[in-house]
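For reference, the structure discussed in these notes is given below.
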Amino acid sequence: EPGHLAYGPYATDWPGTTLVADFRLLIDVRDDRTEVVATIEVYDQSLDEIVSQQDIRRADFRVANRYQNFTLSFDMAERAGHSMETRVYWHDISALRIDRVTVRMP
């Protein structure tokens with residue numbers, strides 16, 4: 001069933017500036033269909049608020065069965081010390097794998 005494939009780490013040490021989350025994902029079949037296979041998000045658990053999100057479509061992948069980074073920028077202004085997480089929501093349309101999520105300065 002659809003749901004979150006990954007979420008966390010409930011980090012409270014991200015600085016109050018603009019950051020980038022790199023979601024490293026793999027899909028089983030790549031073609032030109034525009035169906036949404038996943039939604040990547042940065043979530044502020046302290047405020048119960050989605051800070052940034054992006055739908056990932058099958059056609060967004062360059063090739064099948066090879067990991068690819070999807071980058072999501074977000075602003076941490078006024079959020080320093082909040083419990084933050086990155087999330088990958090799976091829409092139950094394809095086989096999808098997550099290698100890792102990395103949060104960094106742009």
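- With values rounded to the nearest 0.5 angstrom, His82 atom NE2 is found 9.5 Å from Glu49 atom CD.
- A pairwise comparison of heavy atoms in Met76 and Pro15 identifies CB-O, 3.1 Å as the closest pair.
- Hydrophobic cluster of Tyr43: the remaining members, joined at side-chain heavy-atom separations below 4.5 Å, are Ile50, listed by chain and number.
- Between Ile40 and Leu72, the shortest heavy-atom contact is O-CD2, 3.8 Å.
- Grouped with Tyr67 in one hydrophobic cluster are Leu26, the linkage being side-chain heavy-atom contacts under 4.5 Å among Ile, Leu, Val, Met, Phe, Trp and Tyr residues.
- Every residue two or more places apart in sequence or in another chain that forms a side chain to side chain contact (heavy atoms under 4.5 Å, CB included) with Val29 is listed here: Asp31, Arg33, Arg58.
- Counting all heavy atoms, side chain and backbone alike, Ser73 lies closest to Ser52 at O-OG, 3.1 Å.
- Counting non-hydrogen atoms of other residues, nucleotides and ligands closer than 6.0 Å to CZ of Arg24 gives a total above 12.
- Comment: Asp28 does not engage Arg30 in a salt bridge, judged by the lack of any side-chain N to carboxylate O separation of less than 4.0 angstrom.
- Put simply, the side chain of Ile27 reaches to within 4.5 Å of the side chain of Val37, judged on heavy atoms.
- Under a hydrophobic clustering in which Ile, Leu, Val, Met, Phe, Trp and Tyr are joined whenever their side-chain heavy atoms come within less than 4.5 Å, directly or via other members, Met105 and Val103 fall into the same cluster.
- Between Arg79 atom CZ and Ser46 atom OG the span is 9.5 Å, to the nearest 0.5 Å.
- The CZ atom of Phe23 lies 8.5 Å from the CD1 atom of Ile56; values are rounded to the nearest 0.5 Å.
- Of all the heavy atoms in Tyr89 and Gly3, the pair that sits closest is CE1-CA, 3.5 Å.
- Residues passing the ring-ring contact (aromatic ring centres under 6.0 Å, His included) test with Phe61 are Phe70, sequence neighbours excluded.
- Side-chain contact between Thr102 and Arg100 is present, with heavy atoms from C-beta onward closer than 4.5 Å.
- Residues Val42 and Met84 meet the side-chain proximity criterion, which asks for heavy atoms closer than 4.5 Å.
- You'll find the side chain of His4 reaches within 4.5 Å of the side chain of Glu41, heavy atoms only.
- When every heavy atom of Gln68 is checked against every heavy atom of Asp60, the shortest pair comes out as NE2-O, 3.2 Å.
- In terms of heavy-atom proximity, Pro106 sits nearest to Leu19 at CD-CA, 4.2 Å.
- Not a single donor-acceptor pair under 3.5 Å links the side chain of Glu35 to the backbone N or O of Ile93.
- The side chain to side chain donor-acceptor pair (under 3.5 Å) analysis of residues 13-22, with sequence neighbours excluded, yields the pairs Asp22-Thr71, Asp22-Arg104.
- Leu47 contributes atom CG, which lies 10.5 Å from atom OG of Ser83 (distance to the nearest 0.5 angstrom).
- When hydrophobic residues (I, L, V, M, F, W, Y) are linked wherever their side-chain heavy atoms come within less than 4.5 Å, the members clustered with Tyr7 are Tyr10.
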Please report the C-alpha distance between His91 and Thr39 in whole Å, then the side-chain angles of each, then the deciding distance to 0.1 Å, and finally whether the side chain to side chain donor-acceptor pair (under 3.5 Å) criterion is met.
CA-CA 8 Å; His91 292 270; Thr39 302; 2.7 Å; yes
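- To the nearest 0.5 Å, the span separating CD on Glu1 from CH2 on Trp90 amounts to 9.5 Å.
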